[in-house]
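Data block below; observations after.
When a ligand or atom number is given, it counts from 1 through the structure's own listing order. Everything quoted here is computed from the prediction, not taken from an experiment. The figures that follow rest on heavy atoms only: side chains count, while hydrogens, waters and symmetry mates do not.
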Amino acid sequence: MVKVSVVGAKGRMGSHVVEAVRGASDMQLSLALDAGDDLSAITPGNTDVTVEFTVPSVSLSNVLALVAQGVDVVVGTTGWTDEAFDRVREALAKAPRAGQSVFIAPNFAISAVLADHFARIAAPYFESAEVIELHHPTKVDAPSGTAIHTAHAIGEARRAAGLGEMPDATQTDGGSRGQVIDGVHVHAVRLRGLNAHEEILLGNAGEQLTIRADSFDRISFMPGVLLAVRKVSSGAYPGLTVGLDRFLDL
Ligand SMILES: NC(=O)C1=CN([C@@H]2O[C@H](COP(=O)(O)OP(=O)(O)OC[C@H]3O[C@@H](n4cnc5c(N)ncnc54)[C@H](O)[C@@H]3O)[C@@H](O)[C@H]2O)C=CC1
Ligand SMILES: O=C(O)C1=N[C@H](C(=O)O)C[C@H](O)C1
């Protein structure tokens, strides 16, 4: 049995994770903590893997504390930067247990992970690419972690293929062209009724490829979260691993 604790357990994602862990025959729910609870209650004695879904402003400090407490962590919270990844790597190098793991994924839904993968494959074949992410209006960060990840994937694929800048004659922009990430324009929509959606538009003269992923319900993230818990608890992924694609045979 994998002993799993959840941090952010009262949140939209955390509460689904609590139910998913309870429903998994190979897992046992240990602690379910939220804001104001004492994170030091989570120890290697009661927890193999902690799942962290909180808010971008606290996630790094939670992860650093959990690593120092000797616990492996699966993180779904967004807002991660290269500098924050480096802080996690430094913490893991000084971790109390050998081979400790932290796994961070901007998106646990298979549809979104595949959309990202397909965008990376398609990017070298198109002159233009833009990303539109669409979410529920209670989301606190924009653009989404997934859209940032996809933009970097497109940027990397374009660079590797030797592509230059995308065509764009815009001379005046009050913000309508979105945020530019790795050379890719990213647009964020917040609309009541939506959950989590991403569209990647790729264009050439006379043609367009649209790749779209829709998470209509948060249960779509749960198989990916449970997969990550199983992979991390296997001990086969010491150090920091980023992206669910690392656990899929893509
Ligand atoms: N990787 C993925 O597949 C997905 C990632 N997300 C990300 O997960 C994060 C959480 O999203 P939601 O659950 O929708 O947010 P939410 O606001 O519903 O939940 C966040 C929870 O964290 C708690 N919290 C805040 N500070 C805390 C602290 N210091 N210690 C412990 N708990 C604390 C809050 O009280 C709340 O219960 C966001 O960053 C979101 O972008 C959301 C969906 C899927
Ligand atoms: O806040 C959300 O809801 C989501 N956040 C993640 C992100 O920022 O990419 C994943 C998914 O889009 C849902």
Side-chain angles (χ1 to χ4, degrees), residues 5-20 31-42 50-66 69 71 73-81 84 102-116 119 131-153 179 181 186-200 212-229 232 241-248:
S5 287
V6 180
V7 175
K10 292 182 181 164
R12 288 180 287 267
M13 284 299 290
S15 53
H16 275 80
V17 175
V18 165
E19 285 315 304
L31 297 168
L33 306 184
D34 204 273
D37 293 332
D38 184 5
L39 218 58
S40 67
I42 299 177
T50 296
V51 179
E52 209 269 6
F53 274 99
T54 60
V55 285
S57 56
V58 304
S59 188
L60 172 63
S61 63
N62 281 350
V63 172
L64 296 181
L66 290 162
Q69 285 161 217
V71 178
V73 196
V74 165
V75 186
T77 313
T78 43
W80 288 84
T81 60
V102 172
F103 174 74
I104 303 173
N107 204 308
F108 284 96
I110 187 70
S111 54
V113 176
L114 287 176
D116 196 89
V131 178
I132 306 169
E133 58 94 332
L134 311 92
H135 280 84
H136 55 94
T138 41
K139 183 168 177 57
V140 297
D141 53 322
S144 69
T146 310
I148 294 170
H149 196 258
T150 305
H152 284 305
Q179 183 178 341
I181 298 171
V186 177
H187 312 267
V189 175
R190 296 292 174 265
L191 205 70
R192 184 70 70 200
L194 293 179
N195 184 34
H197 317 263
E198 182 175 90
E199 207 161 273
I200 302 132
R212 183 172 169 118
D214 295 282
S215 272
F216 300 113
D217 190 299
R218 291 184 179 85
I219 57 168
S220 60
F221 303 111
M222 294 307 121
V225 172
L226 297 183
L227 172 69
V229 169
V232 163
T241 305
V242 179
L244 197 73
D245 54 311
R246 296 287 304 276
F247 295 154
L248 303 172

Does R218, backbone or side chain, put an N or O under 3.5 Å from an N or O of ligand 1? no
Under the 3.5 angstrom rule, does the side chain of E198 hit a backbone N or O of V131 as a donor-acceptor pair? no
For atom 4 (C) of ligand 1, state which one of F108, W80, F53 supplies the nearest heavy atom. F53
P106 heavy atoms within 4.0 Å reach ligand 1 at atoms 1 (N), 2 (C), 3 (O)
Any D34 heavy atom less than 4.0 Å from ligand 1: yes
Flag, side chain of S59 to backbone of P56, donor-acceptor distance under 3.5 Å: no
First locate atom CH2 of W80, then atom CG of L60, and finally report the distance between them rounded to the nearest 0.5 Å. 5.0 Å
Greater than 12 external heavy atoms within 6.0 Å of R246's CZ: no
Checking the N or O distance criterion of under 3.5 Å, is ligand 1 in contact with F221? no
Within a distance under 4.0 Å of any heavy atom of G8, pick out the atoms of ligand 1 and give their elements. 22 (O), 32 (N)
Check whether any N or O atom of V55, backbone or side chain, sits under 3.5 Å from an N or O atom of ligand 1, and answer yes or no. no
May I have the step-by-step check of side-chain contact (heavy atoms from CB on, under 4.5 Å) for D116 and D245, ending in yes or no? CA-CA 9 Å; D116 196 89; D245 54 311; over 6 Å; no
Could you tell me which non-hydrogen atom of L244 sits nearest to which non-hydrogen atom of F108, and how far apart they are? CD2-O, 3.7 Å
Protein contact to atom 39 (O) of ligand 1 [nearest heavy atom, distance to 0.1 Å]: T78 OG1, 2.8 Å
Proximal ligand 1 atoms for K139, defined as those under 4.0 Å from one of its heavy atoms: 41 (O)
T54 and E52: side-chain donor and acceptor closer than 3.5 Å? yes
May I ask which of L39, L33, T54 has a heavy atom nearer to atom 9 (C) of ligand 1 than the others do? T54
Distance, nearest 0.5 Å, that separates CG of N195 from NZ of K139: 10.0 Å
Short N or O distance, A35 and ligand 1, threshold 3.5 Å exclusive: yes
If you measure every N/O of V58 against every N/O of ligand 1, is any gap under 3.5 Å? no
Would you mind writing out a table of all protein N or O atoms found under 3.5 Å from any N or O atom of ligand 2, naming both atoms and giving the distance to 0.1 Å?
from: ligand 2; atom 1: 1 (O); to: K139; atom 2: NZ; distance (Å): 2.9
from: ligand 2; atom 1: 3 (O); to: H136; atom 2: NE2; distance (Å): 2.8
from: ligand 2; atom 1: 5 (N); to: K139; atom 2: NZ; distance (Å): 3.0
from: ligand 2; atom 1: 8 (O); to: K139; atom 2: NZ; distance (Å): 2.6
from: ligand 2; atom 1: 8 (O); to: G145; atom 2: N; distance (Å): 2.9
from: ligand 2; atom 1: 9 (O); to: G145; atom 2: N; distance (Å): 3.2
from: ligand 2; atom 1: 9 (O); to: T146; atom 2: N; distance (Å): 2.8
from: ligand 2; atom 1: 9 (O); to: T146; atom 2: OG1; distance (Å): 2.4
from: ligand 2; atom 1: 12 (O); to: H135; atom 2: NE2; distance (Å): 2.6

Atoms of ligand 1, numbered as shown, that sit under 4.0 Å from any heavy atom of G76: 1 (N), 2 (C), 4 (C), 5 (C), 6 (N), 7 (C), 8 (O)
Answer with yes or no whether H136 contacts ligand 1, where contact means a heavy atom under 4.0 Å from a ligand atom. no
Closer than 4.0 Å to some heavy atom of M13 - which atoms of ligand 1 meet that? 13 (O), 42 (C), 43 (C), 44 (C)
What is the distance from atom CD1 of I110 to atom CG of L248, rounded to the nearest 0.5 Å? 4.5 Å
For atom 16 (P) of ligand 1, which of H135, R12, K10, H149 has the closest heavy atom? R12
Atoms in ligand 1 flagged as close to G11, the criterion being non-hydrogen separation under 4.0 Å: 18 (O), 19 (O), 21 (C), 36 (C), 37 (O)
Would you say the side-chain atoms of D37 pair up with the backbone N or O of D34, donor to acceptor, closer than 3.5 Å? yes
Min side-chain heavy-atom separation I181-P143 under 4.5 Å: yes
Donor on one side chain, acceptor on other, E133 and H135, under 3.5 Å: yes
Heavy-atom contacts under 4.0 Å between S215 and ligand 1: side chain, backbone, both, or neither? neither
Residue part near ligand 1, for D37, under 4.0 Å between non-hydrogen atoms: neither
Can you sort out the partners of A119 under side-chain contact (heavy atoms from CB on, under 4.5 Å), two or more places apart, ordered by chain and number? T150, I154, I200, I211
Atom pair CG/OG1 of N62 and T50 - distance to nearest 0.5 Å: 10.0 Å
Please could you name the atoms of ligand 1 that V7 approaches to less than 4.0 Å, counting only its heavy atoms? 31 (C)
Show the atoms of ligand 1 that are less than 4.0 angstrom away from any heavy atom in N62. 30 (N)
Within-4.5 Å side-chain heavy-atom neighbours: R12 and T138: yes
F216 backbone acceptor or donor facing D214 side chain under 3.5 Å: no
